[in-house]
2 protein chains.
Amino acid sequence: MSDSITAKGRTMAAKESGTPKVRKRTLSSVVTSQMRQRIVDGTFPPGSQLNEVELARRFATSRGPVREGMQRLVQEGLLVSEPHRGMFVPLLDESDIADLYYARAAVERAAMLRLVDQGVTAATVANLEQALGEMAAAIEREDWGAVATSDLRFHELIVDASGSPRLSRMYAALAGESRLAINILVGSYDGRTDYLEEHAKIFELLVAGNRSGLLGELSRHLQTGQDTATKNSRGAVADSAAAVRDTTT
Amino acid sequence: MSDSITAKGRTMAAKESGTPKVRKRTLSSVVTSQMRQRIVDGTFPPGSQLNEVELARRFATSRGPVREGMQRLVQEGLLVSEPHRGMFVPLLDESDIADLYYARAAVERAAMLRLVDQGVTAATVANLEQALGEMAAAIEREDWGAVATSDLRFHELIVDASGSPRLSRMYAALAGESRLAINILVGSYDGRTDYLEEHAKIFELLVAGNRSGLLGELSRHLQTGQDTATKNSRGAVADSAAAVRDTTT
DNA sequence: GGGTGCCTAACTGTTGACAATTAAGTCCGA
DNA sequence: TCGGACTTAATTGTCAACAGTTAGGCACCC
């Protein structure tokens, strides 16, 4: 019953440039990853429509896999579907951001409490320290996109470490939406140089197992994050919407 | 430029409740609903495979809408995908059930606390009372499937009442999975005649705004639910798996 | 001049056929 | 008798063409 080496003739249909490191993954999944990446990194800005035929052409596939990928991204909160109209990258308004941070707080609180209960493993400590290191390096070179990535990664690591598949699954969607909200205000991160120490504080309290301190610090941290996102998105969403209008006319 | 829109047609359509309920559902969505229904009500038992061509034939469509619906149900936790093999209704083992109830507790706790904060509206009270009424009626006529439905509906109403779209979205998936777990042990509900009063207790504490009591009662309630599910599923999953094996051979 | 109704263009929704993959059954040889 | 490679049936993954819907523009009528 051991895993026999199915080393059969692997037809290398690797075209010259199309797909970088395509493994045994199905086409739909690689298309999904590609689209998720481009939504998250801002290539497809909030408010924009994703044209099926254009994407299919760009990925050198048919519309089937593209539609399938879109279905998944809808459930992740990275796309909204308007029947017979198309798929659009969500425009998060003030109430969306508030709800997003509220839901994140609910999930992270539960994860942290459980993590303290069952103790933080050495591997978790190492992962978190690495994320903090990446964040510091990103701040150093003023790469605010990377700062946002390490920021979300830090929080995601905590949730994953709690060992609940369902909590992780739910949080992944929230993290994706958060990235959407943060994208609008990338560049305004520099006004918040205390990000690193806030995360370091949470890390310390987590290792120390300080429950009440942890909950308080988390609330503060997310609250400031929400305030920043809300404040900076006030005009940003309007601009974004206007920009979309321009491009579509 | 000229923003002087008379806004006549808009106000008419918006103010008026004239939107006919004949919303044009797309084929994919109706197929999705149908499949969700049959998974949840046990027509497609846990462990069974959903054949695309057979379902397409049964729904008198092509495989496209069926595949699209399956994608959605995967994200809801009602199906698992094994690439190049097929879609299967999940078989929840002991750890799955534990994780499921843990995640539910996390979400419901947050929802309840917020609900107490912002006060319970009259509409919410009415909805919850109705759910309790349906539960009592279902118990009376020993319709355990309906008991499970009203049970989950009660909890879902609480989460929805908290007014967080994302919390509701996450909880919907958890509720669907819970229904899957409960289906196995439908009929063993009769051993737990205290279900109604447990829910009534939660309802009272919620209206009274008793935080600590609420959290304690919720923990107890979900714990007993988890214990029952776990205990009754011990042999059930084995039987179910065996039954699936029989039908597939 | 303003409103109304068609009309067209572009897009999504749907379909049936084709290709690729998996797993089980079978046959052969040691 | 056992092991392994081959064959084969069934199922999923992918594709290109067709059909239906939506929204915006244009001419026409009042």
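First the proteins, then the strands, lettered A, B, ... as listed; each starts at 1.
Qualifying salt bridge (Lys or Arg N to Asp or Glu O under 4.0 Å) partners for B:R57, counting only residues two or more places apart in sequence or in other chains: none. With sequence neighbours excluded, no residue satisfies salt bridge (Lys or Arg N to Asp or Glu O under 4.0 Å) with B:D160. Considering only residues two or more places apart in sequence or on other chains, B:E52 meets the salt bridge (Lys or Arg N to Asp or Glu O under 4.0 Å) condition with B:R63, B:R67. B:E177 meets the side-chain contact (heavy atoms from CB on, under 4.5 Å) test with A:R166, A:R169, B:L92, B:L100, B:L174; sequence neighbours excluded. Applying the ring pair (Phe, Tyr, Trp, His ring centres under 6.0 Å) criterion to A:F154, with sequence neighbours excluded, gives A:H199.
The distance between atom CG of A:L79 and atom C1' of C:dT12, rounded to the nearest whole Å, is 15 Å.
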Legend entry - B/S/- contact track for nucleotides 11-17 of chain D, protein heavy atom under 4.0 Å: SBBBB-B

